[in-house]
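The structure appears below as C-alpha cells.
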Amino acid sequence: MATIVQDILKLKGFSGAKVIAGVNGLTNTVEKATLMEVPDIGDFVEENSLIITTLYPIVNNLEEMNSLIPKSSASYAAGICIKTGRYIEMITKGKQNKEAVLVNFRGQLLYMEK
C-alpha cells in the first residue's frame, strides 16, 4: 500500500498542520522527503517527493517564494510542507494548482520518527 500525503500529515511532527491549498492532492503518493536547504530546490526535487522547508534559503526573495509551487508541481512533487514561526510567520495562498498540496505546520518535526 502506497503512502500518501494524508498519511504523512497524521505523524506526530505534523500535529496541528493545516492544508492551505491543494486538498485534491492529499492522495498524492509520497515516496521520499526532500529537505529544502538550497534556493534552487526545483533542480533537485524528484517525482513523488514531499518537500519540507522553513523557506530559509529563499526567505528574502519574493520571486523565488512565488515560483516554489509552480516549480514543485512541474517536478511532480507530492506536496510542500512549510514550517512557519521562525523565518516566515505566515503563508498566503496566492495562485495555486489544485493538486499542489501546501501545508503549514509549527510542530517539532524530527528527521526521524519512530
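Values below: every heavy atom of this structure, side chains too, minus hydrogens, waters and symmetry copies. Computed from a prediction, not measured in an experiment: that's the story for all the values here.
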| said: Could you check whether any side-chain heavy atom of I52 comes within less than 4.5 Å of a side-chain heavy atom of T34, counting everything from C-beta outward? | reply: no

| message | Counting C-beta onward and ignoring hydrogens, is there a side-chain heavy-atom pair between L35 and T53 closer than 4.5 Å? | response | no

| task | Using side-chain contact (heavy atoms from CB on, under 4.5 Å) as the criterion, list what pairs up with S75, not counting sequence neighbours. | result | V45

| Counterpart residues, side-chain contact (heavy atoms from CB on, under 4.5 Å), relative to N66 (two or more places apart) | L62

| task | For the residue pair T84 and N104, confirm or rule out a side-chain donor-acceptor distance under 3.5 Å. | result | yes

| Residues that Y76 engages under ring pair (Phe, Tyr, Trp, His ring centres under 6.0 Å), provided they are two or more places apart | none

| said: Holding to ring pair (Phe, Tyr, Trp, His ring centres under 6.0 Å), I want the full list of residues that pass it with Y56, two or more places apart in sequence or in another chain. | reply: Y87

| task | State which residues pass side-chain hydrogen bond (donor to acceptor under 3.5 Å, both in side chains) with E46; sequence neighbours excluded, sorted by chain then number. | result | K32

| Are L11 and V5 connected in the hydrophobic side-chain network, where two residues link if heavy atoms are under 4.5 Å apart? | yes

| field | Shared hydrophobic cluster, I4 / V30 (ILVMFWY, side-chain heavy atoms < 4.5 Å) | value | no

Compare every heavy atom of [Y] with every heavy atom of [X], then report the nearest pair and how far apart it is.
X	Y	result
I80	S72	CD1-OG, 3.5 Å
S67	P70	O-CD, 3.2 Å
C81	L9	SG-CD2, 4.5 Å
K83	I88	O-CG2, 4.3 Å
S49	A33	OG-C, 3.9 Å
P39	P57	N-CB, 3.7 Å

| request: Hey, could you give me the CD1/CD1 distance between I51 and I82, rounded to the nearest 0.5 Å? | output: 9.0 Å

| query | Okay, side chain of N28, backbone of G25: is any donor-acceptor separation there less than 3.5 Å? | reply | yes

| Pairs in or reaching into residues 54-64: which pass salt bridge (Lys or Arg N to Asp or Glu O under 4.0 Å), with residues at least two apart or in two chains? | E64-K71

